Amino acid sequence: MKIGVIGLGRLGRIHTTNLVQHVPEAEVKILADPRVEETEEWGRNLGDFEIVADWHIPLKDPEIDAVVIASPTTLHGEMLKEAVKAGKHVFMEKPLAHDLETAKELFETLSNVSVKIQIAFNRRFDHNFRKIKSFIDSGKLGEVHLIRTTSRDPHLPDIEFVKKSGGIFFDFMIHEFDTARFLTGSEVVEVYAGGSVLLDPRIGEAGDFDTAYAMLKMENGAICVIDVSRKAVYGYDQRVEVFGSKGSARAENDRETNVIMSTEEAVCTDKPLYYFPQRYMKSFANEIEAFVESVLEEKPVSVGVEAGYRSILIARAADVSARENRPVRIAELL
Ligand SMILES: NC(=O)c1ccc[n+]([C@@H]2O[C@H](COP(=O)([O-])OP(=O)(O)OC[C@H]3O[C@@H](n4cnc5c(N)ncnc54)[C@H](O)[C@@H]3O)[C@@H](O)[C@H]2O)c1
C-alpha cells in the first residue's frame with residue numbers, strides 16, 4: 001500500500017515516522033508540503049521520499065493508494081473532497097473541517113463513498129481511554145452517569161496557529177467531544193459552555209478563548225463535564241473519570257516513571273509526560289496502523305466522517321453557548 005502525506009508539520013511528521021517505523025505493510029512514497037526544503041532536511045534520515053510542494057501531485061499519482069492529510073484545519077475540507085474524487089483512501093487529522101457548514105456538506109456527500117476515510121481521533125486508540133471503554137462495555141461500571149475530562153496543554157500555541165485553528169472548541173475541545181460520544185455510546189443533545197481569556201490577550205483579540213469549560217447532556221441522560229486550558233505550568237494534563245451505577249474508573253496522567261519520593265518536605269512524583277508527541281505517541285501509531293489494516297483487509301474504519309461531523313456539531317453548539325451565554329440544543333443546529 002503506497003501512501004502520500006500532505007502537510008509535514010508536527011502531525012504529518014509523526015504519522016510519517018509511525019508509518020515508516022511501525023507499519024511494514026505501508027510505504028510512504030510522496031511528501032507534499034510547500035516548505036520543500038525543510039521537509040527535505042527532515043525526511044532525509046527517515047527514507048527516500050519524493051518531496052513536492054503541490055498537494056495535488058500525490059492525488060494524481062496512480063501508484064498512490066491512500067493519503068494522510070495533516071495540513072492546517074482550514075484546508076481539510078477541500079483536500080478531503082479532492083482526495084476522495086481521485087479515488088484515494090484518506091486518513092485525515094481532526095477536526096473534519098473548520099466550520100459546521102463544511103462539515104455538514106462532507107458528512108452528506110462522503111458518508112457512503114467506497115474509499116475509507118478515517119478521522120484522527122487518536123484518544124480512541126490510547127491505552128487508558130481504551131481500558132476505560134472496555135470497563136464500560138463489559139458492564140463493570142453499570143450505567144454511565146457522569147464523565148469528567150480535563151485537557152490542558154503545557155504551553156500556549158503560536159498565535160498564528162490560534163488564528164487558523166477554528167477556535168478552542170473546534171480545535172482543542174473537539175477531542176473531549178469525541179471522547180464523550182466514544183465512552184457513552186450516546187449522542188449529545190444539549191451543550192452549555194463558556195470561556196475566558198486569562199493567558200494571552202492576543203487570543204482574545206483573535207476572537208478566541210484560552211480557558212474553557214463545557215457541560216454536555218447525552219441522549220441516554222449521562223452528563224459530561226469538560227475543562228480545558230491552553231497552558232498548565234506542570235505539563236500536559238490529560239485525565240478522565242467515568243462514574244456509573246456500579247462504580248467508577250479514572251485515568252490519571254502518564255509519567256516517565258511511577259516512582260514516588262517521600263521526604264519530610266513533600267511527596268513527589270514525575271511530572272506528566274510533556275505534550276502530545278510524548279503522551280499519545282503509542283495512540284498515533286495504533287490509529288494509523290488501524291487505518292492501513294482497514295484498507296488492506298477491507299474492514300470499516302472505527303472512526304470516520306460521521307464522528308468528525310458530530311464532534312463539530314457539538315463544537316458549534318459550545319461556541320454559540322459560550323458567546324450567547326445559554327444552553328444550546330443540538331437540534332437547533334440541524
Ligand atoms: N490529533 C492531535 O492530537 C493533534 C494535535 C495537533 C494538531 N492536530 C491537527 O493536525 C493538523 C496539523 O496541525 P500541526 O500542528 O501539524 O500544524 P503545523 O503548522 O505544524 O503543520 C501544518 C503543515 O501543513 C503545511 N501546509 C500548509 N499549507 C499546505 C498546503 N497547501 N499543502 C500541503 N501542506 C501545507 C505547512 O507548511 C505545515 O508544514 C491540524 O488540523 C490540527 O488540528 C492534531
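Just so we're clear, the structure is a prediction, and the values are computed from it rather than from any experiment. Numbering of ligands and ligand atoms starts at 1, following listing order.
Of the heavy atoms in T39, none comes closer than 4.0 Å to ligand 1. Residue-level proximity to ligand 1 for M79 is carried by the side chain, the only part with a heavy atom below 4.0 angstrom. Contacts with ligand 1 closer than 4.0 Å are made by side-chain heavy atoms of N122 only, the backbone lying farther away. Both the backbone and the side chain of R10 come within 4.0 Å of ligand 1, counting heavy atoms alone. Only the backbone of A32 comes within contact range of ligand 1, with a heavy atom under 4.0 Å; no side-chain atom does. The proximity of E38 to ligand 1, defined as any non-hydrogen pair under 4.0 Å, does not occur for either the backbone or the side chain.
Counting only heavy atoms from C-beta outward, the side chains of F209 and F172 never approach each other to under 4.5 Å. Between V144 and L183 there is no side-chain heavy-atom pair separated by less than 4.5 Å.
A donor-acceptor contact closer than 3.5 angstrom is absent between the side chains of R124 and S302.
Between D171 and R230, at least one side-chain nitrogen of the basic residue sits less than 4.0 Å from a carboxylate oxygen of the acidic one, meeting the salt-bridge criterion. Ion pairing of R316 with E101 is present here, as a side-chain N (NZ or NE/NH1/NH2) and a carboxylate O approach within less than 4.0 Å. Look at E252 and R250 and you find a salt bridge, because one of the NZ, NE, NH1 or NH2 atoms lies within 4.0 Å of a carboxylate O, short of that distance. With salt bridges taken as basic N to acidic carboxylate O contacts below 4.0 Å, one links R152 and D237.
In this structure, V267 belongs to a hydrophobic cluster whose other members, linked by side-chain heavy atoms under 4.5 Å apart, are I260.
Annotation: L11 places an N or O atom under 3.5 Å from an N or O atom of ligand 1; distance criterion only.
Of all atoms in ligand 1, numbered sequentially from 1 with element shown, those under 4.0 Å from a heavy atom of D171 are 43 (O). Those atoms of ligand 1 that come under 4.0 Å of a heavy atom in H76, given as number and element, are 41 (O). Interface atoms of ligand 1 facing T73, defined by a heavy-atom separation under 4.0 Å, are 40 (C), 41 (O), 43 (O). Those atoms of ligand 1 that come under 4.0 Å of a heavy atom in I6, given as number and element, are 33 (C).
Counting only heavy atoms of the protein, atom 44 (C) of ligand 1 lies nearest to E93 OE1, 3.1 Å. Regarding atom 11 (C) of ligand 1, its nearest protein heavy-atom neighbour is S71 O, 3.5 Å. Regarding atom 34 (N) of ligand 1, its nearest protein heavy-atom neighbour is P34 CD, 3.3 Å. The protein non-hydrogen atom at the shortest distance from atom 28 (N) of ligand 1 is L75 CD1, 3.5 Å. Looking only at protein heavy atoms, the nearest one to atom 42 (C) of ligand 1 is K94 O, 3.7 Å. For atom 27 (C) of ligand 1, the closest non-hydrogen atom on the protein side is P72 CD, 3.5 Å. Shortest contact from atom 36 (C) of ligand 1 to any protein heavy atom: D33 OD2, 3.5 Å. Of the protein's non-hydrogen atoms, the one nearest atom 13 (O) of ligand 1 is F161 CE1, 4.4 Å.
For the pair H175 and ligand 1, a heavy-atom separation below 4.0 Å is found. Heavy-atom distances between P95 and ligand 1 reach below 4.0 Å in at least one pair.
The side-chain contact (heavy atoms from CB on, under 4.5 Å) search around E160 returns D158, K163, not counting sequence neighbours.
Atom 19 (O) of ligand 1 lies below 4.0 Å from none of the non-hydrogen atoms of the protein.
For the pair K116 and F291, the cation-pi test (distance below 6.0 Å, angle within 45°) is failed. Both tests pass for R10 against the ring of F161: distance under 6.0 Å to the centre and angle within 45° of the axis.
Ring-plane geometry between H15 and F91 is classed as perpendicular, the angle between the planes exceeding 60 degrees on a 0 to 90 degree scale with a lower cut at 30.
Ring centroids of Y275 and H155 are separated by less than 6.0 Å, placing the two rings close together.
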